[in-house]
Amino acid sequence: MTYERNNGYIDGNTTHARATVERVATGSSAYPCAYAIIAPMKALLIGSGGREHALAWKLSRSPLLDRLVIAPGNPGTACYGQNTPIPPHDLTALVDLARREAVGLVVVGPENPLAAGLADRFQEAGIPVFGPTSAAARIESSKSFAKTLMNEANVPTAETHTFPDHIAATEFARRSGKAWVVKADGLALGKGVVVADDLSATLEAIARVGATYKGQHILLEERLYGRELSVLALCDGQRLLPLPPARDHKRLYDGDAGPNTGGVGAVAPVENVTPDLLDDIVSHCMQPVVDVLADRGSPFCGALYAGLMLTEQGPKVLEFNARFGDPETQVVLPLLEGDLLAAMLACAEGRLQSDLLTIRQGCAACVVLTAAGYPEQPRKGDPITGLETLKADDLLIFHAGTAWEDNRLVTAGGRVLGVTGLGSNLRAALDRTYAAISQIAFAGMHYRMDIGA
Ligand code: AMP
Ligand code: GLY
């Protein structure tokens, strides 16, 4: 284990992949020999958050990986490959980079480039990509499209009414005389949804959402009650391989108070989510939309994320995302055994098999350390201390909003670090996480004390 200038956490695995491939080639490895016949490859990972650091960490453990290139990456991903300063919205530069590096697989992290057609561009260039085309990614980028799919596929979800503008939505809400969940149709970084408690809050929310997301349709949705659950699954256009169920904490403060955020903590697996319940979710909530997308000629390849409410009538879908969740990925990936790169390549090539990844025993808990001013106006430039001493097999520290400045690691975004502890049960995982956090400091650092509670 070493600590290097470019990272907060390193597990000594930077050179692991190549060495393992060589061992496979000489036939002296414990890895399945099927891997030996696939040549080691370069991979390109797109994104710069905690999710991408977790993906880089897991991909770097693949015997198939020769070299990882990350665009643009962050100080954490730099431990596992070459960060390249190309932003996710520069589709042409990303395709050029993949060509130049002759990568064997591209993995797209964030939703915006997927909605903009980045996966289509790689497909057109003949480069295997793990991530849906823009037509399939509409399952996230248009909530009304997702509702249409769900209704067509008979997926349990909240009753919803869609309106072209705030005037029509207001008229409908007034006539109904009751409260609705108000949603903007398009991508809004989790900020386009208001769960209103009464009619006047509904009308206020319609006005606000209408003004903020001008030109977008507005959805009024029946409010569902229960506990929320995130189920992520790899998909090859036809088949799904579900990952351990996770629970995300979206509000900034303890007790689910304060503003909504992208997610400030997560745990996996989730208590009381039995294998039967997970099967039920996959077969009744997820597989049907995958089938409908394939029937429509836009098969979904990538990570399909179902945000669910466990209601008294059973699980119902709140939303779909067309990518890995963040911070869910930071707890889900550490619980996987097997070669994620091989599984993603199998998705891109339409040959996913359920035994490519298995789930290990134990629990993972991630607490996100946020910067002063998050989520409105996160402050940047506060020096971060304490990471040097934090190295252990049951601890992963994922960078999200960090940067190197004058040889110091400083805050550079709202969600600064994700601290993931592992343990044989949730309590042990949480204790590991909070013990590590007590060693880390930066001015304005904030985190929830009740993750997993
Ligand atoms: P969405 O982006 O649609 O998942 O909404 C963001 C958050 O709003 C969800 O994680 C829920 O906490 C909440 N939410 C969305 N839709 C509903 C609903 N129909 N009933 C209750 N809460 C909802
Ligand atoms: N953690 C919620 C999301 O990734 O959308």
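Just so you know, ligand 1 is whichever comes first in the structure, and atom 1 is the first atom listed for that ligand.
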Exercise for the section: With heavy atoms of Val181 as the reference, note each atom of ligand 1 found under 4.0 Å away. Expected result: 16 (N), 17 (C), 18 (C), 19 (N), 20 (N)
Exercise for the section: Within a distance under 4.0 Å of any heavy atom of Glu228, pick out the atoms of ligand 1 and give their elements. Expected result: 9 (C), 10 (O), 11 (C), 12 (O)
Practice task
List every atom of ligand 2 that sits less than 4.0 Å from any heavy atom of Asn321, numbering the atoms from 1 in the order shown and giving each element.
Solution key: 5 (O)
Exercise for the section: Establish, from distance only, whether the side-chain atoms of Lys316 and Thr311 form a donor-acceptor pair under 3.5 Å. Expected result: no
Problem - Side chain, backbone, both or neither: Lys143 near ligand 1, heavy atoms under 4.0 Å - result: side chain
Handout entry: Lys147 side chain to Thr162 side chain, donor-acceptor N/O pair below 3.5 angstrom
Key = no
Problem - Whether Lys58 side chain and Leu336 backbone form a donor-acceptor pair below 3.5 Å - result: yes
Problem - Those atoms of ligand 1 less than 4.0 Å from some heavy atom in Met309 - result: 21 (C), 22 (N)
Problem - Heteroatom distance test (Val193, ligand 1): nitrogen or oxygen, under 3.5 angstrom - result: no
Handout entry: Where ligand 2 meets Glu328 - atom numbers and elements under 4.0 angstrom, heavy-atom basis
Key = 1 (N), 2 (C), 4 (O)
Handout entry: Heavy-atom neighbours of Gln313 CD exceed 12 at 6.0 Å
Key = yes
Practice task
Would you mind finding which of Lys183, Arg251, Glu140, Glu159 brings a heavy atom closest to atom 3 (O) of ligand 1?
Solution key: Lys183
Handout entry: Aromatic ring pairing His161/Trp180, orientation class (parallel under 30°, perpendicular over 60°, tilted between)
Key = perpendicular
Exercise for the section: Compute whether any side-chain donor of one residue and acceptor of the other, for Tyr305 and Ser230, lie under 3.5 angstrom apart. Expected result: yes
Practice task
Using the ring of Phe324 (Phe, Tyr or Trp, six-membered ring only), decide whether Arg51 places NZ or CZ under 6.0 Å from its centre and within 45 degrees of its axis.
Solution key: no
Handout entry: Polar side chain donor-acceptor pair, Asn83 to Thr77, under 3.5 angstrom
Key = yes
Exercise for the section: Indicate, as side chain, backbone, both or neither, the part of Val195 found under 4.0 angstrom from ligand 1 when only non-hydrogen atoms are considered. Expected result: side chain
Exercise for the section: Could you say whether the N/O atoms of Arg223 and ligand 1 ever approach to under 3.5 Å? Expected result: no
Fill in the blank from the handout: Under 4.0 Å between heavy atoms, the region of Tyr305 that gets near ligand 2 turns out to be side chain
Exercise for the section: Provide the number and element of each atom of ligand 1 under 4.0 Å from a heavy atom of Leu224. Expected result: 18 (C), 19 (N), 20 (N), 21 (C)
Fill in the blank from the handout: Per-atom filter on ligand 2: closer than 4.0 angstrom to a heavy atom of Gly262 are 1 (N), 2 (C)
Completion exercise
Counting heavy atoms under 4.0 Å, the part of Arg323 that contacts ligand 2 is side chain
Practice task
Evaluate the ring planes of Phe398 and His53, with Trp represented by its six-membered ring, and classify them as parallel (under 30°), tilted (30 to 60°) or perpendicular (over 60°).
Solution key: perpendicular
Practice task
Classify the side-chain pair Ser298/Arg138 by whether it contains a donor and acceptor separated by less than 3.5 Å.
Solution key: no
Exercise for the section: Would you mind running through ligand 2 and noting each atom that sits below 4.0 Å from a heavy atom of Asp248? Expected result: 1 (N), 2 (C)
Practice task
Taking only heavy atoms of Gly325 into account, list the atoms of ligand 2 that are under 4.0 Å away from them.
Solution key: 4 (O)
